[in-house]
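Here's the structure, in structure tokens; my notes come after.
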Amino acid sequence: MDEGVPPVPGPKMYPFKDGNGSLKIEWLGHIGKGVHAHVWAVLINAKLYALKVFSFRKGYWVNKKWNVSVSKKEKDAYFDLFSCECRAYGRIREESLEPYVAQCYGYIKLKHDDFMPIWDNPYLEDTLGYRERHKGRPFRTLVKEYIETDPYIYPPLPDSNIDNALKANVFFRDAKDARHMIRGLKRIQKSGILVQDINDGNVMNGRLVDFSQAWTVPHPVLVKEKMENDEIVDIMDGGYRDASKVDELIDWWNEEHAPSLKIWDRCLPHSEYCDKIRYHNEREEGKFGTKWEFGRTTCGWYIRPERYKWKADDGLKG
Ligand SMILES: Nc1ncnc2c1ncn2[C@@H]1O[C@H](COP(=O)(O)OP(=O)(O)OP(=O)(O)O)[C@@H](O)[C@H]1O
């Protein structure tokens, strides 16, 4: 039977398969990098994909304030970046959220020699954190849908982690993409996923491409008692922050575009306009989260992913 990862209760990711045969990988080119991974355009058995190769560096920490007691195995499963992305994509499959994300088709554990065709750059070795002690350990990779964008439309944001202007992502092509993103985030959060890393580099054409910092229910910190207790987890660390990050992208779009192209949809109430609305801070606690109402109009919301009702059976879905 296929090995679902990570080996803890909840959604899982399964090995990438193409028929029953072996996988022939052709490396087309390096298309992106973040803090935790490099991404290549590849052909696998002649089909185009984006292959995300994760760093060997430990990219997580467990805050003492969260007050979780977890074994080493659980720590790696709930907080390690590869595992976080596997669990989030497992839930995305369970809840049919594919239209809102770059799809993920499975993982491949690549041997060092499989990686050799492109292993000619010490810079890569360094940024992927590969050391002598990792010899024999596979590179953890995820096979994803390749998202084509027009790299020439926008320059990167000033504090962007994208250092090459020509590689800047097109996070929205138009207002329709922004609305798709807002709808998608709402559904993703309602499905028990806290993304925690929304920025211009992680949204392409209105779809999320990166879940390496996502927490997915069931998760030792993503529980009501902790997430709704300010002393343990600041409200800004929850669904509110994810929603405000989408709004930041919308703000940036609006700064760059003529009034006729501006996007008026938002996740949260706009602070500039809210001050002018008498009842702007009237809130309603709903089943999934907090909603701001003005008259009969919902002028903002944020979802609390920790309220997702997880049934133990979910972990068995393949
Ligand atoms: N499916 C995809 N199709 C095309 N390009 C992609 C895809 N996924 C990622 N990229 C490119 O690779 C870059 C890095 O990918 P990703 O954000 O997944 O890495 P990361 O190390 O997890 O990032 P971060 O530092 O934000 O955590 C993206 O900003 C994007 O430019």
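Atoms considered below: every heavy atom in the structure, side chains included; atoms not considered: hydrogens, waters and symmetry mates. Counting convention: from 1, in listed order, for ligands and their atoms alike.
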Legend entry - For atom 3 (N) of ligand 1, the option (of I147, V143, N202, N205) bearing the nearest heavy atom: I147

Inset, instruction - Could you check D197, L142, I92 and say which one makes a side chain to side chain contact (heavy atoms under 4.5 Å, CB included) with F211? - result: I92

Inset, instruction - Assess whether atom NZ of K58 is packed by more than 12 heavy atoms of other residues, nucleotides or ligands within 6.0 Å. - result: yes

Inset, instruction - Classify the contact between M204 and ligand 1 as side chain, backbone, both or neither, using a heavy-atom distance cut-off of under 4.0 Å. - result: side chain

Inset, instruction - Kindly assign one of parallel, tilted or perpendicular to the pair Y105 and Y49, based on the angle between their ring planes and the thresholds 30° and 60°. - result: perpendicular

Inset, instruction - Return yes or no for this condition: an N or O of Y146 is under 3.5 Å from an N or O of ligand 1. - result: no

Inset, instruction - Measure across P7 and K73 and return the closest heavy-atom pair with its distance rounded to 0.1 Å. - result: O-CE, 3.3 Å

Legend entry - Geometric cation-pi criterion, K109 with Y107: 6.0 Å, 45°: yes

Inset, instruction - Answer side chain, backbone, both or neither: which part of A37 comes under 4.0 Å from ligand 1, heavy atoms only. - result: both

Inset, instruction - Using distance alone, determine whether D197 and ligand 1 share an N or O pair under 3.5 Å. - result: yes

Legend entry - Polar proximity ligand 1 side, G201 side, N/O cut 3.5 Å exclusive: yes

Legend entry - Within the 6.0 Å centroid threshold, strictly below: F54 and H36: no

Legend entry - Neighbour count >12 (heavy atoms, 6.0 Å) for atom NZ, K65: yes

Inset, instruction - With heavy atoms under 4.0 Å as the rule, classify the contact between E145 and ligand 1 as side chain, backbone, both or neither. - result: backbone

Inset, instruction - Would you mind running through ligand 1 and noting each atom that sits below 4.0 Å from a heavy atom of A50? - result: 1 (N), 2 (C), 3 (N)

Inset, instruction - Determine, considering heavy atoms only, which of V53, I31, D210, V39 sits nearest to atom 9 (C) of ligand 1. - result: V39

Legend entry - Numbering as shown, the atoms of ligand 1 that approach K52 to under 4.0 Å (heavy-atom distance): 16 (P), 18 (O), 19 (O), 20 (P), 22 (O)

